[in-house]
Protein chains: 2
Amino acid sequence: MNARRSPQSPAALSPATATATATAVAPRYRQVRSHVLGLISSGTLVAHDRIPSENELVRTLGVSRMTVNRALRELADDGVLLRVSGVGTFVADERVHAHPLEVRNIADEVRSRGHAYSARVVTLTTLRADAALAARLGVAPDASLQHSSIVHCENGRPLQLEDRYVNPAVVPGYLKNDFTRITPYEFLVRAAPLQQAEHTVQAVMPDARLRRLLKLDADEACLLIRRRTWSDGRVVTAADLWHPGKRYELSGTFEPLA
Amino acid sequence: MNARRSPQSPAALSPATATATATAVAPRYRQVRSHVLGLISSGTLVAHDRIPSENELVRTLGVSRMTVNRALRELADDGVLLRVSGVGTFVADERVHAHPLEVRNIADEVRSRGHAYSARVVTLTTLRADAALAARLGVAPDASLQHSSIVHCENGRPLQLEDRYVNPAVVPGYLKNDFTRITPYEFLVRAAPLQQAEHTVQAVMPDARLRRLLKLDADEACLLIRRRTWSDGRVVTAADLWHPGKRYELSGTFEPLA
DNA sequence: GGTATCATCCTGTCTATACAGGTTGGCCAG
DNA sequence: CTGGCCAACCTGTATAGACAGGATGATACC
């Protein structure tokens with residue numbers, strides 16, 4: 001079952017090689033990438049659908065096969081597409097997989113998959129560190145900490161609950177941000193250069209709060225990533241990142257230096 | 001065949017495409033990648049050093065510039081190199097942003113904590129690959145595979161259930177081992193050098209078998225690490241590593257920048 | 001019916017060539 | 001010495017053409 005035929009494209013992409021239009025034009029392989037992402041985000045193609053073959057895209061978009069190939073290969077690297085040699089290229093299924101313990105901006109990750117990012121702020125508070133938090137952030141017990149609790153969503157579905165504690169002595173003004181417009185990551189990396197990070201990964205059973213905020217199924221486990229980041233030898237922030245077990249996995253390749 | 005008669009040069013790479021050697025030859029851009037990684041791991045080049053330009057590598061390695069370009073671009077994407085348009089390509093700083101999951105011997109891990117390691121062999125069987133397993137190991141459906149199911153214990157308590165599938169065409173004699181005396185890891189790294197590994201990490205709910213073998217609490221989630229390792233371009237083994245959520249976590253720390 | 005073969009399509013890789021635009025260092029004129 | 005110009009080099013992108021090898025369906029043969 002091959003399903004959908006190629007949705008007639010409005011012919012070629014940018015004004016071909018019109019030399020230099022005043023404003024910078026995205027590279028062609030980027031335009032091909034956007035075109036395919038558009039087919040997915042518009043709903044024209046959904047998971048498991050076959051996308052037009054490289055040669056079809058060559059004809060409809062008026063670019064060379066190597067250019068199409070690069071666009072599709074990168075989308076496959078990003079997990080958006082699945083390529084099967086000799087068969088075709090398909091829209092990957094929904095399971096989200098992020099890179100191994102990497103410190104990245106979740107909004108960028110979601111957008112790179114061609115999906116809509118949104119955030120919901122659950123709570124923003126200033127609190128006093130208990131013994132565990134004080135040890136985790138390297139501050140005195142009872143020190144003042146800023147705490148945010150934010151749900152990051154992909155296409156409106158919860159992808160991560162982020163419980164974050166920030167040491168105001170290192171980065172002041174954290175709670176003044178509008179976290180529906182800027183992610184904690186974006187603010188913090190600008191405020192304090194990231195120099196060291198520590199991760200732990202655990203599987204946990206969700207409590208009632210988690211089930212509610214992440215809209216979890218009854219029999220769904222949670223992947224918990226706990227992260228601390230340092231700048232200038234001091235802990236900038238500690239975060240608990242909770243992910244729905246059925247829709248999220250870490251993945252990555254490891255290549256020993258030859 | 002042999003389209004690529006290579007204009008031989010001093011330190012060319014593989015013997016071009018010598019038809020079908022029994023073992024698959026890595027693509028040329030992969031060989032370029034390995035060559036550059038070798039310069040770094042050998043200490044010939046260190047952080048901030050400039051690496052040979054694309055055209056130099058073209059001359060030294062006897063490949064086309066597009067092939068070199070792909071290798072370097074991918075290494076830059078991985079954060080190994082830093083490319084500056086118009087200037088050159090440099091070895092990047094030590095990585096702060098990513099931490100690969102390493103492949104380690106669980107017996108060493110346990111012993112390094114000063115604890116007693118023991119293993120219980122649950123099953124050892126030869127079986128035929130179904131479609132999913134065939135895809136995972138890159139073999140034909142119905143191909144023969146060797147499977148081991150082993151519980152690794154720390155001080156007598158289950159720490160990991162390892163479900164492992166081995167391609168006997170790559171490493172024969174896997175099931176002949178006494179896995180209470182040698183771990184699958186120890187046998188396999190000796191039989192086939194580890195050249196690449198892929199991991200995914202998920203949180204899952206345990207089924208009855210898992211609860212029994214890992215002696216899990218009723219409300220305990222499971223951390224599932226799925227790993228594939230390659231040698232000479234072929235999948236040596238695929239493993240499902242199940243860990244009790246309450247007693248296991250992955251962790252990693254990144255060194256500060258110089 | 002079953003089976004073997006072949007044409008066709010697909011992705012994956014590789015090459016040779018080309019042009020763009022940025023950077024750098026040297027050379028020359030003022 | 002300074003400033004401007006330019007050649008040489010670098011990466012980034014794009015193209016056309018080619019072959020390899022897997023997958024697939026049609027066709028011819030037994």
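Basis for what follows: all heavy atoms, side chains included, without hydrogens, waters or symmetry-related copies. Convention: sequence-line order gives letters A, B, ...; per-chain numbering from 1.
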- Base, sugar-phosphate alone, or nothing: which one does B:R65 contact when heavy atoms must sit under 4.0 Å apart?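 Here B:R65 touches the bases of the nucleic acid.
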Quick one: which of [options] gets closest to the side chain of [X]?
X     : options                : value
B:R50 : D:dC10, C:dC14, D:dT13 : D:dC10
B:V87 : C:dT13, C:dT24, D:dT15 : C:dT24
B:S64 : D:dG12, C:dT15, C:dT11 : C:dT15
B:M66 : C:dT13, D:dA14, D:dT11 : D:dA14
A:Y29 : D:dT13, C:dT13, C:dG21 : D:dT13
B:T89 : D:dT15, C:dT13, D:dT11 : D:dT11

Between [atom2] on [N] and [atom1] on [X], what's the gap in Å once rounded to a whole number?
X     : N      : atom1 : atom2 : result
A:L61 : D:dA14 : CG    : C1'   : 14 Å
B:R28 : C:dC14 : CZ    : P     : 7 Å
A:E74 : C:dG12 : CD    : C1'   : 15 Å
A:N69 : C:dC10 : CG    : P     : 14 Å
A:R70 : C:dT11 : CZ    : C1'   : 18 Å
B:E56 : D:dA8  : CD    : P     : 17 Å
A:R83 : D:dG22 : CZ    : C1'   : 14 Å
B:L75 : D:dT11 : CG    : P     : 13 Å

- Query: Any side-chain heavy atom of B:R164 sitting closer than 4.5 Å to one from B:I150?
  - Reply: no
With a 4.0 Å cut-off, would you call [X] and [Y] a salt bridge?
X     : Y     : answer
B:E54 : B:R83 : yes
A:E74 : A:R70 : yes
B:D78 : B:R33 : yes

- Query: Can the ring centres of B:Y165 and B:Y174 be said to be less than 6.0 Å apart?
  - Reply: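 So the answer is no for these two rings.
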- Starting from the 5' end of DNA chain D, give me the residue, B:N55 or A:T67, whose nearest nucleotide shows up first.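 Nearer the 5' end of the strand: B:N55.
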- Message: Can you see if the side chain of A:S53 gets near the phosphate of C:dC10 - specifically, an N or O under 4.0 Å from OP1 or OP2?
- Response: yes
